Amino acid sequence: MRNYEIMFIVKPTLAEAEITKVSDSFKATLESNGSKVTGVDAWGQRALAYDIKKGSEVFKSGYYFVFQVEASNDTGIKEFDRLAGISSDIVRHLIIRKED
C-alpha cells in the first residue's frame, strides 16, 4: 500500500452545505476507484498566502481540506487529480506521496 496526503482548497464563495458536498464528492471519487481515505482534516477557512485567480474570480481565502489516503494503485489518485483540475469549486490542490 502506498500512502498519500492530498490537500485541496475549496472556493470561499460556496455555502457551507456546498463545501461539505464538494469534500464528500471527492472522498467518494477516491473510494470508488480503490483508494481508502484513512483521515479527513477540515481546517476551515484560511487566508491564502497570495491571491489566486481562477477563471474570472480572484480568491483571497479558501476552505482547506487534507485527506490521508492509502492506495494499492494510483487509479483513484489520478482520477482525483483529473477532476480537481477541472472543477470550478477547487481553487488549488496538491497530492504528495508519503515515504513508507
Side-chain angles (χ1 to χ4, degrees):
M1 286 281 200
R2 294 183 179 138
N3 294 313
Y4 296 88
E5 185 172 275
I6 301 174
M7 175 182 274
F8 60 98
I9 305 170
V10 179
K11 67 182 185 178
T13 55
L14 297 177
E16 189 173 334
E18 293 172 314
I19 292 167
T20 303
K21 184 177 176 183
V22 169
S23 173
D24 291 345
S25 169
F26 278 97
K27 182 179 176 186
T29 297
L30 288 164
E31 292 176 341
S32 68
N33 284 288
S35 299
K36 180 181 176 187
V37 178
T38 59
V40 176
D41 292 326
W43 291 2
Q45 187 171 7
R46 295 184 177 212
L48 300 172
Y50 54 89
D51 294 353
I52 296 177
K53 182 177 181 187
K54 183 151 184 177
S56 62
E57 297 178 284
V58 177
F59 301 105
K60 297 179 182 291
S61 67
Y63 287 89
Y64 282 70
F65 289 90
V66 179
F67 287 173
Q68 304 296 328
V69 180
E70 288 182 356
S72 57
N73 60 43
D74 61 354
T75 305
I77 304 300
K78 286 183 178 179
E79 183 64 6
F80 179 96
D81 190 35
R82 184 184 76 79
L83 292 175
I86 60 176
S87 174
S88 62
D89 295 330
I90 302 292
V91 177
R92 285 283 191 273
H93 71 283
L94 176 68
I95 301 170
I96 299 171
R97 181 175 169 202
K98 298 169 84 175
E99 293 296 320
D100 298 328

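Given the structure is predicted, the values throughout are model-derived calculations rather than measurements.
- Taking the ring centroids of F8 and F67, they lie under the 6.0 Å cut-off.
- Remark: R2 CZ to I77 CD1 distance equals 10.0 Å, nearest 0.5 Å.
- Taken together through direct or relayed side-chain contacts under 4.5 Å among Ile, Leu, Val, Met, Phe, Trp and Tyr, V22 and V40 form part of one hydrophobic cluster.
- No side-chain donor-acceptor contact under 3.5 Å links S23 to the backbone of I19.
- Y4 contributes atom OH, which lies 5.5 Å from atom CG of D74 (distance to the nearest 0.5 angstrom).
- The backbone N or O of T29 lies less than 3.5 Å from a partner atom in the side chain of N33, making a donor-acceptor pair.
- Without hydrogens or angle criteria, S35 side chain to A71 main chain gives no donor-acceptor distance under 3.5 Å.
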Check the pair Q45, S61 against side chain to side chain donor-acceptor pair (under 3.5 Å), reporting the backbone distance first and the verdict last.
-> CA-CA 7 Å; Q45 187 171 7; S61 67; 2.8 Å; yes

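- The backbone N or O of A28 sits nowhere less than 3.5 Å from a side-chain atom of E31 that would complete a donor-acceptor pair.
- Ring pair W43/Y64 is parallel by interplanar angle, where below 30° counts as parallel and above 60° as perpendicular.
- With hydrophobic clusters built from ILVMFWY side chains whose heavy atoms lie under 4.5 angstrom apart, L30 shares a cluster with I95.
- Between R82 and E79, at least one side-chain N (NZ, or NE/NH1/NH2) sits under 4.0 Å from a carboxylate O, which counts as a salt bridge.
- Closest non-hydrogen pair, V10 versus V91, comes out as C-CG2, 4.2 Å.
- Around atom NZ of K54, more than 12 heavy atoms belonging to other residues, nucleotides or ligands sit under 6.0 Å away.
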